[in-house]
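Indexing begins at 1, ligand by ligand and atom by atom, following the structure's order.
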Amino acid sequence: MLKINNLAILSFAAGSAIAQSQTGLNAAAQAYGKLYFGSATDNGELTDSEYKAILSDSNEFGQITPGNSMKWDTVEASRGNFDYTKGDVIADLAEANGQKLRCHTLVWYNQLPQWVSNGGFDNATLIEILQNHITEEVTHYKGKCYAWDVVNEAISDDSGAPLRDNIFLSTIGEAYIPIAFAAAAAADPDAKLYYNDYSIEAPGAKSTAAQDIVKLVQSYGVKIDGIGLQDHLIVGSTPSLEDQVANMQAFVDLGVEVAITELDIRAENPDANQYQEQQAKDYAATVGACNKVEACVGVTIWDYTDKYSWVPGVFPGTGGALPWDENLQKKPAYDAILEAYGGSSTGPGNQATFTVSDNLTEATRASMPLNSGVSVPLTTGVSSKSSVAATSSASEVTPEATADAQCEVEYVYE
Ligand SMILES: O[C@@H]1[C@@H](O)[C@H](O[C@@H]2CO[C@@H](O[C@@H]3CO[C@@H](O)[C@H](O)[C@H]3O)[C@H](O)[C@H]2O)OC[C@H]1O
């Protein structure tokens with residue numbers, strides 16, 4: 001079979017009035033054909049104006065996830081009393097910024113208020129409590145969530161016991177999982193409903209158990225739309241791109257989409273500067289795996305800066321897990337992600353480059369802007385598997401800017 005790699009390079013000579021490059025990770029991800037590149041955030045951090053400005057830049061982040069403010073212990077700290085104050089702040093921010101919202105999370109053994117986790121409820125009562133919590137919260141955010149992480153971390157780390165022993169399993173049995181998905185589907189039929197877990201990013205027993213959860217929910221005739229791969233990874237121990245792709249594909253073969261929902265790649269020795277080089281490769285492999293799987297809709301990093309990472313608090317001695325450092329400066333991991341999407345921040349001048357290709361449908365690509373404000377019609381004869389790169393020394397490529405632009409198109413066939 002003839003492998004065609006088409007490359008179209010559009011060079012725009014920037015006018016003097018044109019500002020610096022405004023490209024970013026989300027812009028590059030969307031140019032590639034993904035739905036979003038996003039970040040988690042939390043309420044306390046939003047008082048940091050420099051932090052908030054970067055978070056709010058939809059060129060960098062097209063999606064945000066509340067790290068804590070939609071969890072059960074925050075929303076329903078006492079039975080039947082719902083407080084959405086903190087979650088609403090994040091939801092409103094996403095709306096104001098034009099960012100998608102991933103809503104996180106409805107049913108989790110952790111950050112569960114004691115009135116639930118202490119037990120004492122019989123089967124019927126706990127089912128009613130579970131359904132009521134989900135119905136109330138999903139209804140409150142109806143129409144605002146691209147996706148809900150309906151059930152979080154239901155799988156045990158003990159290979160002998162597929163499901164984690166928690167109050168829902170011990171009181172209701174495994175049916176608590178389809179019951180939760182059914183309640184969420186009834187409350188917001190348009191939200192994508194996800195099962196979300198860690199250590200399921202490569203083939204293995206836990207990933208197989210997550211596939212069994214998909215089958216379990218489906219066997220009840222209940223909808224499950226996606227699998228969230230948390231991807232809390234370690235520098236140098238990140239699964240290969242090939243393993244990650246095979247793993248994602250096993251989920252997709254069951255009829256669900258996948259997303260990387262909580263990516264961070266921590267250094268076991270964050271004081272050693274050389275970790276950043278390997279970390280950049282690990283980010284590239286992980287984002288690159290999502291790129292290889294059409295049904296991998298997007299990547300979310302678990303906050304974007306080491307300044308607010310949860311990692312050092314939970315894994316003492318480790319850190320440096322995110323693409324921006326503690327001073328909000330970009331690390332090599334940032335460029336590696338951009339390059340995985342076919343972009344580059346290191347070209348001549350202030351070039352901002354996007355390459356879009358691989359697994360896009362003709363219809364998607366035909367309607368796709370290559371850069372802000374510019375729509376480049378595809379030339380007839382370009383293969384549907386072609387790649388198109390736009391290289392621009394202009395930072396904001398507007399119709400005005402293109403008027404005096406030099407434009408050159410080059411197709412390379414291999
Ligand atoms: O003191 C607590 C503090 O410990 C808490 O930390 C949060 C714990 O959850 C973190 O998110 C989870 C990361 O791992 C995955 O397993 C889960 O899906 C995520 O929800 C979050 O980032 C931390 O901030 O926050 C509240 C404080 O009261």
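A side chain to side chain contact (heavy atoms under 4.5 Å, CB included) with I177 holds for exactly one of V150, I224, I172, I213; it is I213.
With a heavy-atom cut-off of 4.0 Å, N152 touches ligand 1 through its side chain alone. At a heavy-atom distance under 4.0 Å, no atom of Y198 approaches ligand 1.
Residue contact check: H232 has heavy atoms under 4.0 Å from atoms 13 (C), 14 (O), 15 (C) of ligand 1. Heavy-atom proximity to Q230, at under 4.0 Å, picks out these atoms of ligand 1: 15 (C), 16 (O), 18 (O). Numbered from 1 in the order shown, with element, the atoms of ligand 1 that lie under 4.0 Å from a heavy atom of W108 read 16 (O), 17 (C), 20 (O). Remark: ligand 1 atoms within the under-4.0 Å shell around heavy atoms of E153 are 15 (C), 16 (O), 17 (C), 18 (O).
Any N or O atom pair closer than 3.5 Å counts here, and W302 shares at least one such pair with ligand 1. Inclusion of N68 in the set of residues having an N or O under 3.5 Å from an N or O of ligand 1 is warranted. The shortest N or O to N or O distance between W310 and ligand 1 is not under 3.5 Å. In terms of polar-atom proximity, Q111 is counted as a contact of ligand 1, with an N or O under 3.5 Å from an N or O of the ligand.
Protein heavy atoms are absent from the 4.0 Å sphere centred on atom 2 (C) of ligand 1. Atom 21 (C) of ligand 1 is flagged as protein-proximal [any protein heavy atom, distance under 4.0 Å]. Within a 4.0 Å radius of atom 25 (O) of ligand 1, the protein has at least one heavy atom.
Across every non-hydrogen atom of S170 and D165, the tightest pair is CB-OD1, 4.0 Å. Annotation for E76 and W115: closest pair O-NE1, 3.1 Å, computed over non-hydrogen atoms.
For K331 and Y283, the positive end is not near the middle of the six-membered ring at less than 6.0 Å and at most 45° from its axis.
In this structure a side-chain-to-backbone donor-acceptor pair under 3.5 Å is missing from T74 to M70. Judged by distance alone, with hydrogens and angles left aside, the side-chain atoms of N97 form a donor-acceptor pair with the main-chain N or O of L93 at under 3.5 Å.
Two rings, from Y84 and H140, have their centers less than 6.0 Å apart. For Y195 and F181, the gap between ring centers reaches or exceeds 6.0 Å.
Every residue meeting the ring-ring contact (aromatic ring centres under 6.0 Å, His included) condition with F315, not counting sequence neighbours, appears here in chain and number order: W310.
Of the candidates H104, K71, E262, it is K71 that places a heavy atom closest to atom 11 (O) of ligand 1.
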